[in-house]
J.: 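Just passing along the structure, written as structure tokens.
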Amino acid sequence: MSRRRFQILFARSRGNHEEIPRFGRAVGVTSALFLLALVLSFAFSRLNYGWNWEAVYQYRRMFVSGWLITLAISAASLAASLVIGLAAALSHRSPFLPLRYLGKIYVEFIRGTPLLVQILVFFYVVADAFGIGNRYLVGTLTLAFFAGAYISEIIRAGIESVGESQLDSARAIGLTPYQTYRYVVFPQVMRRILPPLAGQFASLIKDSSLLSIIAVSEFTLNAQEVNAFTYSTMESYLPLALGYLALTLPISMLSKYLETRYRYAS
Amino acid sequence: MSRALGFLSIAVFILVLFSAASPAFAAKTLVVGMELAYPPFEMTDASGRPDGVSVQLARELGKALGRPVEIKNIAFDGLIPALKTGKIDLIISSMTATSERARSIDFSDPYLSTGLCLLVGKDAPVASIADLDQPGRTVAVKKGTTGHVYAAAHLKKASMLVLDKEAAAVLEVVQGKADAFIYDQMSTFRNYQRNPETTRAILKPFQTESWAIGMRKGNGALKAQVNRFLADFRRSGGFERLGDRYLKEEKESFRRMGYPFFF
């Protein structure tokens with residue numbers, strides 16, 4: 001088979017810059033999905049397993065309520081983590097040294113310890129000492145602080161990727177620090193941090209499942225409960241995978257859209 | 001062309017991988033699944049080896065059947081799926097033989113009886129299980145246990161905290177975040193002994209249950225062998241010996257309080 005006969009299957013160049021024609025994209029996506037379906041359907045056909053969807057269907061309300069809780073927790077901690085991450089990244093550049101080192105210590109501590117331990121310690125020790133008993137609030141804040149540490153490093157790397165010479169040039173043409181950030185640094189940073197940020201948000205959504213250890217009744221815990229009641233593992237966990245995809249796919253699509261919007265900056 | 005061939009060979013490779021991995025039978029070893037997190041029935045000794053009543057029971061069973069025994073440590077709510085998919089041959093994990101479980105797996109004759117009871121906070125206004133089915137009450141349970149199933153079915157007015165770990169459920173009661181933790185008599189007694197300043201134990205069981213060995217459905221020969229072993233082991237005083245070895249203190253205390261002991 002010559003490459004010309006199958007040229008619909010090939011892009012003109014490596015990399016990700018050219019516009020793929022719509023038909024070519026459809027063919028590419030379909031054949032990739034087909035290959036995946038082939039492998040998966042073969043694997044499942046070899047599985048010797050008594051499927052029992054009815055038992056799981058009876059508990060559909062638990063899936064819905066768990067999914068909504070996960071959506072709410074993820075959305076709240078996502079917004080909070082962005083604020084925390086931005087503040088920590090800026091504190092890294094602060095001339096006030098205690099603030100700068102506070103930012104550094106925060107990032108090292110959070111990134112260096114397991115989220116599981118953080119959730120347990122925050123809820124059973126710290127929050128208990130301050131008299132905060134609401135596990136949903138504590139869980140959301142813990143997640144936000146956890147993701148915030150990673151986001152601050154993403155943002156810091158983005159800011160530092162803007163060369164020193166550009167900042168000097170901005171100063172030379174008389175821009176104020178605010179104007180420098182607003183018109184020189186920010187558009188470039190936006191474009192560079194979007195892909196890692198989208199990845200971080202997706203893992204934040206999946207990490208929210210760890211809140212089940214402090215009995216936050218979220219999506220994963222509810223699916224595990226259904227599994228415990230019905231002993232139908234696959235039937236409980238496959239909807240779980242789809243539910244998480246429904247949360248993470250929009251995020252990566254939004255990130256793709258924003259990436260093209262900020263493309264002019266490079 | 002080379003690229004298309006590359007894709008094809010990867011696909012074929014994956015198919016081969018899957019077909020090679022699935023059939024894994026024929027070993028004569030008896031694989032017994034349990035969660036090693038429930039001392040003194042399922043636990044690990046100081047050097048990390050499986051130990052406890054259930055482990056000894058599994059070894060004795062292997063001896064009686066003339067098969068080597070392998071213990072697999074699996075989380076409690078993963079035991080039945082592991083059994084159904086053939087990863088293990090038997091479950092000996094302090095598992096209650098309930099009718100719901102019996103729909104998906106088979107059970108041997110029961111070898112031990114116990115009951116669900118309550119660990120409550122020192123000042124919680126709870127005297128019995130009936131006091132818990134009220135709005136505003138919070139009940140902690142361990143995920144996948146009979147206490148979990150009981151609370152989901154019978155305590156509809158209370159709010160339920162579902163926890164992965166027994167220790168976390170105890171902590172909820174100790175810190176007053178939950179009014180009660182529903183669990184079996186022996187563990188409740190132990191947890192109360194560890195936290196006498198903050199908790200009380202209401203040991204009178206409100207639901208009795210019996211533990212049995214789980215196995216795949218339709219395996220009548222193995223079931224008959226296991227039942228014969230359990231009867232022989234009881235007759236020869238094996239359970240008494242295990243009780244004396246692992247549960248001496250509980251045995252004494254329960255006799256003093258007038259509750260029947262487990263075996």
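So that the names make sense, note that chain A is the first sequence line, chain B the second, and so on, each numbered from 1.
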J.: Please look at B:R103 and chain A and tell me whether the side chain, the backbone, both or neither of the residue comes under 4.5 angstrom of a heavy atom of that chain.
T.: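 B:R103 has no heavy atom closer than 4.5 Å to chain A.
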J.: If you draw a 6.0 Å radius around NZ in B:K165, do more than 12 non-hydrogen atoms from other residues or ligands fall strictly inside?
T.: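 Atom NZ in B:K165 is not crowded, with 12 or fewer foreign heavy atoms closer than 6.0 Å.
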J.: Sub-4.5 Å heavy-atom contacts with chain A: which residues of residues 71-83 of chain B show up?
T.: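 The stretch touches chain A at B:D77, B:I80, B:P81.
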J.: Within residues 118-126 of chain A, which residues come under 4.5 Å of chain B, heavy atom to heavy atom?
T.: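 Interface residues of residues 118-126 of chain A: A:F123, A:Y124.
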J.: So which residues of residues 68-80 of chain A are in contact with chain B at a heavy-atom cut-off of under 4.5 Å?
T.: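 Residues in range: none.
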J.: Can you tell me if A:K206 has over 12 outside heavy atoms packed within less than 6.0 Å of its NZ?
T.: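 For A:K206, atom NZ is not crowded (no more than 12 foreign heavy atoms under 6.0 Å).
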J.: To the closest 0.5 Å, what do you measure between CG (B:L171) and CD1 (A:I214)?
T.: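 Interatomic distance, B:L171 CG to A:I214 CD1, rounded to 0.5 Å: 11.5 Å.
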J.: A:A228 and B:G144: which non-hydrogen atoms are nearest, and at how many Å?
T.: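 Scanning both residues completely, I find the closest heavy atoms to be CB-CA, 3.5 Å.
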J.: Residue by residue, which of residues 188-195 of chain B have a heavy atom closer than 4.5 Å to a heavy atom belonging to chain A?
T.: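 Counting heavy atoms that sit under 4.5 Å from chain A, no residue of residues 188-195 of chain B is involved.
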J.: Between CZ of A:R135 and CG of B:L161, what distance do you get to the nearest 0.5 Å?
T.: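 Between atom CZ of A:R135 and atom CG of B:L161 there are 4.5 Å.
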J.: For the CD atom of A:Q224 and the NZ atom of B:K143, what is their distance to the nearest 0.5 Å?
T.: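 Going from the CD atom of A:Q224 to the NZ atom of B:K143 covers 3.0 Å.
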J.: So do A:I213 and B:L163 actually touch side chain to side chain, heavy atoms under 4.5 Å?
T.: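 When only atoms from C-beta onward are counted, A:I213 and B:L163 do not touch, as no gap falls below 4.5 Å.
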J.: Below 4.5 Å, heavy-atom pairs only: which of B:K177, B:M160, B:Q175 has the largest tally toward chain A?
T.: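 Of B:K177, B:M160, B:Q175, B:Q175 has the most heavy-atom pairs under 4.5 Å with chain A.
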